[in-house]
Amino acid sequence: MNELFIYNTEARKKERFIPIDPKNVRMYVCGVTVYGNAHIGNARPYTAFDILFRLLRHRYGEDHVTYARNITDIDDKIMQRATDEGVGIKAISRRYAKIFQADIAELGSLVPTLEPKATDHLPEMIKMMRTLIEKGHAYEAEGHVMFDVTSMSNYGRLSRHSRDELVAGARVDVAPYKRDAADFVLWKPSSKDQVGWGSPWGRGRPGWHLECSCMIEKHLGVEIDIHAGGQDLIFPHHENEIAQSECAHGHNFVRYWMHNGYLTVDGVKMSKSLGNFHTIREVLDQHGGEATRLSLLTAHYRQPVDFSHDNATEQKRRLDRWYRLTDGIEASDTVPETVIDALSDDLNTPMAIAALDALASPKTAADLKAGANFMGFLMQSNESWFRGEVPEGVSTEAIEAMIQARNQARLNKDFAESDRIRDSLLEQGIVLEDSADGTIWRRAD
RNA sequence: GGCGCGAUGGCGGAGUGGUGACGCAACGGAUUGCAAAUCCGUGUACACGAGUUCGAUUCUCGUUCGCGCCUCCA
């Protein structure tokens with residue numbers, strides 16, 4: 001087994017992965033803000049880094065990897081939604097967290113070890129802000145607690161932005177209570193009708209970045225191995241997490257930063273603000289979990305992946321072939337080295353998929369199944385994959401009866417009748433295939 | 001304006017300093033009553049220009065085009 005290499009955003013190059021503690025490898029992936037239905041672009045990090053989780057478990061042992069993925073359940077957009085619907089924020093965050101978890105599960109990703117919520121960590125946040133103020137890295141201003149960017153000499157090292165550049169490139173008005181234009185919010189005041197928590201600086205709510213710093217410290221420790229998320233989080237989110245955690249602890253925060261590229265539609269980033277999105281649910285309903293997962297993994301995680309129905313359909317066909325080959329086959333006990341080696345090179349999933357294709361022959365079907373299972377594929381029975389739920393208005397008995405009638409017609413060389421029956425079934429979404437062993441049926445795509 | 005990423009066959013998409021994965025589609029054949037599935041076979045792809053080199057798709061520089069971050073965002 002080759003060594004594991006990871007592209008570290010901070011170093012801007014691939015680096016050999018050396019865990020802090022091989023008995024407890026710790027990874028954190030920024031989760032979602034639960035204020036609405038997640039789109040398929042949101043699903044990309046949770047499939048890509050699910051592969052990382054699986055790979056780390058394979059290399060270090062299932063009990064030696066801790067994977068935390070947070071749920072941001074306090075945010076102005078959640079508050080807005082709650083106001084619009086006339087309900088509390090918990091009603092909103094619970095609803096969409098549940099949907100998100102179900103979506104991700106259907107995409108075949110393993111459940112993380114921990115899924116901490118922001119609102120469960122208010123005491124930790126207050127403690128960290130106190131520390132930052134005591135150490136001179138934060139200040140109070142008009143009910144806000146602000147992080148003082150000038151107090152950190154190497155602020156901006158992850159995104160490679162200098163404070164001056166940030167100020168020069170600022171496209172928003174600078175709030176008057178900021179000492180420096182680049183300072184960011186740790187805590188902001190809440191009005192009477194807004195959700196808030198008591199704090200030494202008045203009733204308010206946390207800024208976006210604080211929760212991750214606090215949850216990582218509490219659940220994973222002061223320094224962790226891997227922190228991952230979408231490229232759009234590099235700045236400001238991850239930059240600010242570094243600032244908070246390192247200034248609070250006086251210690252390095254993260255060893256390896258990993259960032260996935262965007263999912264695009266027609267070459268443009270899919271985002272809620274652009275409105276050009278497909279929800280995960282829509283895509284799952286149309287293409288199913290495994291084909292969607294495979295289509296997300298056909299491109300390397302750092303490259304953009306253009307979402308299209310054609311691609312998802314293509315992956316469905318590939319999976320059809322793999323399912324046919326592995327029908328009734330037990331998976332090998334070991335995951336093929338070719339798959340592990342491909343993934344160990346900075347999660348090269350396209351190469352891993354090619355390695356699976358290379359095993360797609362009757363002789364190596366058991367290895368194919370083991371490798372595919374490892375990556376979260378071929379998890380269903382063939383019965384379920386090819387037939388699933390039959391289309392509405394068609395019963396299995398009716399299908400079997402028509403197959404019998406058709407085979408009788410074929411024996412009588414009444415091919416007009418036999419084709420009529422086959423076409424009739426096809427109209428109902430059922431495909432027939434004649435083989436040496438008899439006629440089988442499956443649901444049409 | 002600052003910082004950064006990318007450009008590979010009809011499509012998707014890896015990789016490499018030296019006759020160019022893999023998949024899908026297409027085409028030819030085998031098989032089939034016909035299909036489907038399966039099997040066999042076929043394709044002068046590396047944006048453009050210059051440089052380094054015995055040799056570049058792969059390294060360097062430039063050009064063009066596309067995309068992203070600098071504001072909420074996976």
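Keep in mind that this is a model prediction, so the values were computed, not measured. Letters A, B, ... are given to chains in the order of the sequence lines, protein chains preceding strands, and every chain is numbered from 1.
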Ring-ring centroid check A/Phe100 A/Tyr46, cutoff 6.0 Å: yes

A/Lys269 side-chain N/O to B/rC69 phosphate OP1/OP2 under 4.0 Å: yes

A/Tyr262 OH to B/rG6 C1', straight-line distance once rounded to whole Å: 14 Å

Under-4.0 Å side-chain N/O to phosphate OP1/OP2 contact, A/Arg302 with B/rG6: no

Under 3.5 Å on both distances, the Watson-Crick or G-U partner of B/rG68: B/rC3

Pairing nucleotide - B/rG23, Watson-Crick or G-U, each distance under 3.5 Å: B/rC11

Using a cutoff of under 3.5 Å, can you pull out all pairs of nitrogen or oxygen atoms linking the protein to nucleotides 28-35 of chain B, with atom names and distances?
from: B/rG33; atom 1: O6; to: A/Arg406; atom 2: NH2; distance (Å): 3.3
from: B/rG33; atom 1: O6; to: A/Ser418; atom 2: OG; distance (Å): 3.1
from: B/rG33; atom 1: N1; to: A/Asp419; atom 2: OD1; distance (Å): 2.9
from: B/rG33; atom 1: N2; to: A/Asp419; atom 2: OD1; distance (Å): 3.4
from: B/rG33; atom 1: N2; to: A/Asp419; atom 2: OD2; distance (Å): 2.7
from: B/rC34; atom 1: O2; to: A/Arg422; atom 2: NH2; distance (Å): 2.4
from: B/rC34; atom 1: N3; to: A/Arg422; atom 2: NH1; distance (Å): 2.9
from: B/rC34; atom 1: N3; to: A/Arg422; atom 2: NH2; distance (Å): 3.3
from: B/rC34; atom 1: N4; to: A/Asp434; atom 2: OD2; distance (Å): 3.0
from: B/rA35; atom 1: N6; to: A/Asp434; atom 2: O; distance (Å): 3.1
from: B/rA35; atom 1: N1; to: A/Asp434; atom 2: N; distance (Å): 2.9
from: B/rA35; atom 1: N3; to: A/Arg422; atom 2: NH1; distance (Å): 3.0

Spacing between A/Asp306 atom CG and B/rG12 atom C1', to the nearest angstrom: 10 Å

Plane angle bin for A/His237 and A/His209 - parallel if under 30°, tilted between 30 and 60°, otherwise perpendicular: tilted

Close aromatic pair by centroid cut-off 6.0 Å: A/His227 and A/His238: yes

A/His209 NE2 - B/rA74 P separation (whole Å): 13 Å

Length of the line joining A/Arg317:CZ and B/rC24:C1', which is rounded to integer Å: 8 Å

Ring centres under 6.0 angstrom apart (A/His144, A/Trp187): no

Salt bridge present between A/Glu246 and A/Arg157 (N-O < 4.0 angstrom): yes

base_contact_polar (B/rG23 base, A/Glu314 side chain, donor-acceptor, <3.5 Å): yes

Test of ring centre spacing under 6.0 Å for A/Tyr256 and A/Phe17: yes

Residue-phosphate contact under 4.0 Å: A/Asn348 side-chain N/O, B/rG15 OP1/OP2: yes

